[in-house]
Structures are given as C-alpha cells and as structure tokens.
Amino acid sequence: MYVNEFLAHIVVPFMHDNFPEGNGILQQDVARPHTARVTQQFIADNISLLHWASLSPDVSPIEHVWDEFERRVYDRPHPPVNGQQLKYAVIEEWNAFLQALIANLAQFMSHRCVALINARGGFTRY
C-alpha cells in the first residue's frame, strides 16, 4: 500500500514536477514501511535517497514536516474518521501545505549536517 498509494501516486509525481532535472533527493526515516525491500527497490528505481543518520533522528527536517502535516490533518474542523476520509484529508492538506516551512527547514540542512558531524552521529540541538 505504501509504495502504490503514496510513493507512486504522490511522491514520485511531486519529485518529477519539482525537480524535472532529477536533482531532487528524498529523505525518509527508518519506519517499517520505509525499510521494506519493496519500498527500497521502488525508491532505488525512481528517486534519489538521502540515507538516514541512524543515531540522530533529530537531524531530519522531515520529522518537523510530518509533525506539522499530522497536526493539520487532525486539527481540521471535521477530522477523518475512516480510511477514505483520511486519504482525502491527506491529499487536500498536502496540496495546501506551506512550502515556506519546507524551504526553511531545507535551508538549514547544512547546519544540521555540520552539527551531526561534530556530534559524531549523536544527538544535536536540532
């Protein structure tokens, strides 16, 4: 489901639309759906992947994006109560999502990487 419903229909088109020269890089955490062989193979065939710093999940800006995204989905006037409503809420919120938040987090990625290197893979202030 993760590959067919999310990666193939949302992530890959987003990456192709926003990075037509193929220079976009996706970062995921080590959640089970992300580490499954079928997911890893699909990503290897379709998207460049930034590998996860296993000892420092706090360095990933995607966690901040997902936190805000989840808040937006469940803080709706009528939160989703079933799978179909959740699917529509996710699509609607993603389309309305603040790209400025993502750009701001991406802008400071180099600072996060330097802090991670200095902490030798341990936790950082991010």
Side-chain angles (χ1 to χ4, degrees):
M1 179 172 162
Y2 177 73
V3 170
N4 294 332
E5 296 282 328
F6 186 69
L7 289 178
H9 291 101
I10 296 174
V11 174
V12 170
F14 172 84
M15 296 295 283
H16 289 254
D17 290 348
N18 291 283
F19 304 99
E21 296 175 14
N23 58 347
I25 299 174
L26 177 70
Q27 182 181 27
Q28 300 187 111
D29 59 17
V30 291
R32 259 201 178 130
H34 304 165
T35 59
R37 277 187 226 133
V38 66
T39 300
Q40 293 299 308
Q41 186 60 53
F42 182 86
I43 288 172
D45 293 344
N46 293 282
I47 306 168
S48 295
L49 184 66
L50 178 64
H51 292 284
W52 184 259
S54 61
L55 295 176
S56 193
D58 54 326
V59 78
S60 175
I62 195 66
E63 294 303 320
H64 299 287
V65 171
W66 286 131
D67 287 344
E68 178 65 21
F69 187 60
E70 181 180 27
R71 245 188 314 280
R72 288 172 178 261
V73 169
Y74 289 104
D75 285 350
R76 295 164 63 89
H78 304 289
V81 295
N82 60 43
Q84 189 68 19
Q85 288 179 4
L86 178 60
K87 179 180 177 178
Y88 288 120
V90 165
I91 292 169
E92 190 173 280
E93 291 300 333
W94 183 258
N95 289 333
F97 201 65
L98 296 175
Q99 294 302 309
L101 171 67
I102 296 171
N104 184 44
L105 291 168
Q107 178 183 357
F108 291 99
M109 190 62 187
S110 62
H111 299 285
R112 292 170 186 272
C113 290
V114 168
L116 178 62
I117 291 166
N118 291 339
R120 296 193 169 145
F123 289 101
T124 70
R125 68 179 182 89
Y126 293 100

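Both backbone and side-chain heavy atoms feed into the values below; hydrogens, waters and symmetry mates do not.
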Exercise for the section: List the steps, then state whether side-chain contact (heavy atoms from CB on, under 4.5 Å) holds for V38 with Y2. Expected result: CA-CA 10 Å; V38 66; Y2 177 73; over 6 Å; no
Practice task
Would you please test V3 and Q41 for side-chain contact (heavy atoms from CB on, under 4.5 Å) and show each step?
Solution key: CA-CA 10 Å; V3 170; Q41 186 60 53; over 6 Å; no
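Summarising the geometry of W66 relative to F6, their closest heavy-atom pair is CH2-CZ, 3.7 Å, with the distance given to 0.1 Å. Minimum heavy-atom separation, L7 to I43: CD1-CG1, 4.1 Å. For the residue pair I47 and M15, the shortest heavy atom distance occurs at CG2-CE, 4.0 Å.
We find the CD-CD1 distance between E5 and I10 to be 8.0 Å, quoted to the nearest 0.5 Å.
Side-chain contact between V12 and F42 is present, with at least one heavy-atom pair separated by less than 4.5 Å.
Pairs of residues two or more places apart, or lying in two chains, never qualify as side-chain hydrogen bond (donor to acceptor under 3.5 Å, both in side chains) while including a residue from residues 6-23.
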Side chains of residues 72-85: which donor-acceptor partners sit under 3.5 Å, not counting sequence neighbours?
unit_1, atom_1, unit_2, atom_2, d
R72, NE, E68, OE2, 3.1
R76, NH1, E92, OE2, 3.1
R76, NH1, E93, OE2, 2.7
R76, NH2, E92, OE2, 2.9
N82, OD1, Q84, N, 3.1
N82, OD1, Q85, N, 2.8
Q84, NE2, Y88, OH, 2.9
Q85, OE1, V81, N, 2.9

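T39 contributes a side-chain N or O that, together with a main-chain N or O of P33, makes up a donor-acceptor pair within less than 3.5 Å.
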